[in-house]
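First the structure, in the form of structure tokens, and then the observations on it.
A, B, ... follow the sequence lines: proteins, then strands. Residue 1 opens every chain.
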Amino acid sequence: MRAEGADGYNAIVPAPSRLRGMVVRIDVTAPDDPAARQILDSALLLGVDRLVGCTITRVHHVRGDLSESDLARLCAEVLVDPVVDVHTIDAPASAGGRVVEVAPMPGVTDGDARELERAASQLGLPSIEVATARRYELHGALSDADVARLTRRLLANDTIEHAHEGEMDPEFAAATAADVRVDLVELDGLSDDALAQMSRERVLSLDVNEMRAIQAHFVAEGRWPTDAELETLAQTWSEHCVHKTFRAKIELTHKAADGTVTVSTHDGLLPALREVTEELDPWWLRSAFVDDAGIIAFDDTFDLAFKVETHNHPSALEPFGGANTGVGGVVRDVIGVSARPIACTDVLCFGPPDLPDSELPTGVLHPRRIREGVVSGVGDYGNKLGLPTVNGAVLYDKGYTANPLVYCGALGLLPHGMHPTEAHVGDRIISIGGRVGRDGIHGATFSSAGMDASTVDSVGSAVQIGDPITEKGLIEVIELARDAKLYTAITDCGAGGFSSSVGEMGEDLGVDVDLATVPLKYPGLQPWEIWLSEAQERIVIAVPPANMAELQSLCDAWDVELTDLGTFTGSERLVVHHGETPVVDIPMSFLHNGLPRREMTGAWADPVPTQVTTPEVDASVILELLAHPEVASKEDIVRRYDHEVRGGTVVRPFVGPEADGPADAAVLKPLGTDGTLAVVLSNGINPRIGRHDPWAMALHAMDEAVRNLVAVGGDPDRVAVLDNFCWGDPTKSDRLGSLVRAVQGCTDGARRYRMPFISGKDSLFNEFDGEAIPSTLLISALGLVPDLGRAIDSAGMQPDDDIWLVGQGSAHLGGSLASDVFDLCANTVPLPLDDPLPRYQAIHTAIAAGLITAAHDSSDGGIAVALAEMALAARLGLCVVVPADGLDPFTSLVNEGPGRLVLTGSPGNRGAIAAALGDFGRRIGEVTGGDRIVMAAPSGASGDAESLDSRELVLVELTIDQAVEAFTGGAVE
Amino acid sequence: MSAPPILIPHASGTNRDGEAAQAIRLAGGSPRIVHVNELRDGSVRIGDHAAILLPGGFSYGDALGAGGRLALELRSWFADELAEAVSAERPILGICNGFQVLVKSGLLPGPLGSPRDVTLTENRAGRFECRWVTIRVETSCRSGWLGAAGGVTIRCPVAHGEGRIAVAGESVSRQIEADGLVAFRYMADGPRPTSDDPVSAAGVYPANPNGSVADIAGLCDQTGTVVGLMPHPEDHVIDWQRPSGPVGNTGRPLFEAFIAAAQ
């Protein structure tokens, strides 16, 4: 369907003049490249054992008028390292193996090509155009199937790259002509079925009611919407952007285990979370829910901004790019509140690394490959931004196989009162940062629907590779522009691209935007694509005309591109055109308030308790738990993240003399802040509990976050939390039922712990072929350590120290790691704490007074695992009498009851510690030193450490070496 | 004595300039973080500074090999100023990416213009890695200004993916040792508290975190003016920055020697 006067509108702009001259191919190989060995290892994991050798070659197709000597210089000065590289020109080396070449698809970020083009001009060479590729020469008696398998599963990802056997012709960017075409979409008269079909085919992710509302609006206006208008509404109204489910009116039917049924109505989940925050409203709360990130006070000078996002669907399709841009996106959320990013966090949920290929659904990458890509993607972006990635978790469950979860968090620091939020009529709409390509189109709507095997084909364009160096430039420029007070409002350009960032910024005033000014990665984009592109590394700010010159020179100095999109008009309409071509013209009121509110129904039934018989307990039980991938060392992942950059890391991910013990939380002293005040980041997550009781999952996750935070010296009276809900399709009542229960848990928890939610995020529709992921709530906590000199970790204990236990055991093993590992099928979960704060205040008092030498929380695997981890971290043996609390020995050691920590302190401080902990603390043993970890049952009535004498009371005895071997040997490969 | 002005060049992707400035300040210098564009357009002159510290990071995203792009800019834009700095014995220190830049530009081990037979390439493990290591300032090193810190043991983190020192053949490493160009070596006791007389890592991972030949962590040039290393002494200049173990073995002696030479 063409616009009226189509001829006038459809200006076809010719492609820019192409560089003439021959195309030269330069192959560069490092014979000693470690990556080649990694491919051999990975091939074995893929079951391709006939691959005996692999050579990786960096291929550069160079077009331009280069002389022999020009080429020689380009190689010598830029491309070829004389010590480790060999190279050929127009003569790909071939030693007789099978050759596979892999090249990025046009539009996918190709940093090497861009930098080589810049390098040529720096050398004063004729300007060139570059396309790069990777060449793999595979040796061994490989079948065609082997080569195909290696190519598909290891060498290339067809979401962003194309690969084929043998030499590949270069595909240079900018191959297509610009296309300023605006189509009209016929809506009037369409039936509900037709509307639903259109929503599906255009990946609008709108339901029939919403389509009808759009239909009615344009019928009333007496015209057809443009493609861009329809897409703009779909973006702005997407679950991803407007959180329809969290604003919906929901009726919940809750069936208790005893069969009693209660029906309750919930007038919006998001309002419920905000309500608690407004109710608690601590003085140190600066901004909650209204901005790109939550903000709390740090000291008199600075505030802290914190945000955690998810990037699940992109990471499922292209793990590196998905995780990479996930970090980039959440860091921009923090820039979007005028803060300087200072740290990252990541929590990752994957399918089992040892999943048999036979169980891998079609169109799904193996969990090992997803993990490898995600970890590389997180590290690549955070490391290159110079941000320490300091806190996180890694979970494994079959339920995450086709739909991994990638939570990325960012912490920022900003001077108090330096975040302007009010644009004025006449201010310019300025985009700074990266150029726009066809990448990331439909990201917001695609993340608002389930996935299946065909997802890659339909939304491959939603996946991107990040460009952290461009984002680093944004960080520098925004900080300088903020301090010079050059802008009046700022927002991240993320899901929905300009359509949502500009649309939101201009909600009150109205905007007039000209897309013809937008610099493109390559021509050929239609206006709606420019408007919707989720090309990364862009921030939109409102700038008074008087400040433009200063901002421009700032951007020039830092090599950051600035684009003037248009102006804030006061018309209260969203007006977009491309040169003379009208693209969008809709009232802000309809864009932001026209969305019909959803009415939904959810149902939840508590499970009927099962009978649980617990096994005997001995050392093997503890070792098996220690070796479980969720407990075992994550060093192979975490050491690929820089956790030291910015020089502010006080408590790091690994502690103890061998730097291999797990830390409970991260403590940071922000560079440039004075005094001894430090920041603490922690998290809590337990989808195992959620299977049986999503309400309890929320409270237990909050408890775990606080436990971890207090364990390193954080103040429990000054904690802010973020929620991140990753759920299945909320239009299915069981998914929605558990979601409502989890939100109830969050609001109850916020009151019990007096912890306000300052921001959050929901990622729904995490389903593959109709199978939902385990409902997963991440609680991320942000707090303060009053004196970094008093921060402690889980390894600081000394020989002869007393060992103290805080908290009672729970008889309920539902949701515990032990129940999973030993197939106990327990489904009754530990009861959450009614009044948790006093115990944490007592512990904090003791730590802040310097009485505690080490602390570690009891979570996965209970206090048995906690004690073993402390002993191995400190390389010191210990001996404890574990209080029975009326439990059988197995349960007393591995139950995951809330509010439990193990502390150590010098016998000299025994009285002071006892006084500080009061009834919450029990002395259960001592750090014996040596190489043995001994856990015993109390003799008779008394659970007193003094009574540990007769050996038959010993339940578990293992050596430090056994613990270390289980803990590190079980590490991910 | 007034604090000497120390130039900390910043290119797109540079990211440890803040800590470098902090280390310089604590050592009595006056750090100036300057974007290379300002150096290029002449609004700031390299010659106006008493010393140069090339900080860590990922200049130009490590495209085409870590440090390679900035190295090209140094060669094509600032060759004369750098030569002048060297002849005037104004110390030049490169850390991590800064070290990579100095090596790829041919300044280390140098001399500039001679065929390059030393490089920094992919870690043996083939991946980026962050961990604390122990290094020693080699007493045999010919660098005059570094001599003030000779024999000092420093605990600090490495955080790099391309930190393995590789040479074009045995003869090159022999020459480097003979000429006293080895400035820093990885020591055996890895993350543990250092003993009084640590022994070299003997190529064993993780004490030698990247597989560098002869446990070399850093180099100087023939004049001794230009020094570079992969680890990050600027991340251990305050006691609380250490992970565990006894107080001490900070990177401060290195920066104090650097500033002293810049006076």
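- Distance check, rounded to the nearest 0.5 Å: CG of Leu64(B) to CZ of Arg58(A) gives 8.0 Å.
- The contact list for residues 111-121 of chain A toward chain B, using heavy atoms and a distance under 4.5 Å, reads Gly111(A), Asp112(A), Glu115(A), Leu116(A), Arg118(A), Ala119(A) by residue number.
- Using modelled atom types, one finds no donor on one side chain facing an acceptor on the other under 3.5 Å when comparing Trp77(B) with Gln122(A).
- Ranked by heavy-atom pairs shorter than 4.5 Å toward chain A, the options Gly61(B), Ala168(B), Ala159(B), Gly161(B) are led by Gly61(B).
- With a threshold of 4.5 angstrom between heavy atoms, Glu471(A) does not approach chain B through any atom at all.
- Within the 4.5 Å cutoff, the side chain of His35(B) has heavy atoms near those of the Asp559(A) side chain.
- Between Val650(A) and Trp240(B), the closest side-chain pair of non-hydrogen atoms falls below 4.5 Å.
- Here the CD-CD1 distance, from Glu476(A) to Ile33(B), works out to 8.5 Å after rounding to the nearest 0.5 Å.
- The contact between Asn15(B) and chain A is made by backbone and side chain atoms together, counting heavy-atom distances below 4.5 Å.
- Contact of Arg640(A) with chain B is made through backbone and side chain together, with heavy-atom distances under 4.5 Å.
- Nearest heavy atom pair, residue Ser244(B) against residue Gly656(A), reads OG-O, 3.5 Å.
- Side-chain contact check for Asp642(A) versus Arg16(B): some heavy-atom pair is nearer than 4.5 Å.
- Residue contact with chain A, scored on non-hydrogen atoms closer than 4.5 Å, involves the backbone and the side chain of Thr119(B) alike.
- For the side-chain contact (heavy atoms from CB on, under 4.5 Å) test, residues two or more places apart in sequence or in another chain that qualify with Cys96(B) are His160(B), Met230(B), His232(B).
- No part of Asp380(A) comes within reach of chain B, as not one of its non-hydrogen atoms sits under 4.5 angstrom from that chain.
- With a 4.5 Å cut-off on non-hydrogen atoms, Asp32(A) touches chain B through its backbone and its side chain both.
- Between chain A and the options Glu38(B), Arg164(B), Glu73(B), the largest number of non-hydrogen pairs under 4.5 Å is found for Glu73(B).
- Scanning for side chain to side chain donor-acceptor pair (under 3.5 Å) contacts around Arg790(A) gives an empty result, with sequence neighbours left out.
- In this structure, chain B has no heavy atom under 4.5 Å from any part of Phe654(A).
- With hydrogens and angles disregarded, no donor-acceptor distance shorter than 3.5 Å links the side chain of Lys472(A) to the backbone of Ser12(B).
- Tyr641(A) and Phe128(B) get closest at one heavy-atom pair: C-CE2, 4.0 Å.
- When the candidates Gly648(A), Pro468(A), Ala35(A) are compared by the number of heavy-atom contacts under 4.5 Å with chain B, Gly648(A) comes out ahead.
- At a 4.5 Å heavy-atom cutoff, the contact between Gln241(B) and chain A is made by backbone and side-chain atoms alike.
- Heavy-atom distances place both the backbone and the side chain of Arg124(B) under 4.5 Å from chain A.
- Rounded to the nearest 0.5 Å, atoms CG (Asp556(A)) and CG (Asn37(B)) are 9.0 Å apart.
- When heavy atoms are compared at a cutoff of 4.5 Å, Ala125(B) approaches chain A solely by way of its backbone atoms N, CA, C and O.
- Glu635(A) places a side-chain heavy atom less than 4.5 Å from the side chain of Arg131(B).
- Neither the backbone nor the side chain of Asp17(B) comes within contact range of chain A, judged by heavy atoms closer than 4.5 Å.
- Neither the backbone nor the side chain of Val158(B) comes within less than 4.5 Å of any heavy atom in chain A.
- Heavy atoms of Val645(A) lying under 4.5 Å from chain B belong to its backbone as well as its side chain.
- For Asn97(B), the side chain to side chain donor-acceptor pair (under 3.5 Å) test picks out Ser59(B), Gln100(B), with sequence neighbours left out.
- Leu387(A) does not touch chain B: none of its heavy atoms, backbone or side chain, sits under 4.5 Å away.
- Between Asn123(B) and Pro34(A), the closest heavy-atom pair is O-CG, 3.4 Å.
- Only the backbone of Val167(B) has a heavy atom closer than 4.5 Å to any heavy atom of chain A.
- Scanning both residues, Arg652(A) and Pro243(B), for their nearest heavy atoms gives NH1-CA, 3.1 Å.
- With hydrogens and angles disregarded, no donor-acceptor distance shorter than 3.5 Å links the side chain of Glu122(B) to the backbone of Asp33(A).
- Taking every heavy atom of both residues into account, Val83(A) and Arg116(B) meet most closely at CG2-O, 3.8 Å.
- Of the possible donor and acceptor atoms, none in the side chain of Asp81(A) sits under 3.5 Å from a partner among the backbone N and O of Lys104(B).
- Contact of Gln22(B) with chain A is made through the side chain alone, with heavy-atom distances under 4.5 Å.
- Heavy-atom pairs under 4.5 Å with chain B peak, among Val655(A), Ile469(A), Asp793(A), at Ile469(A).
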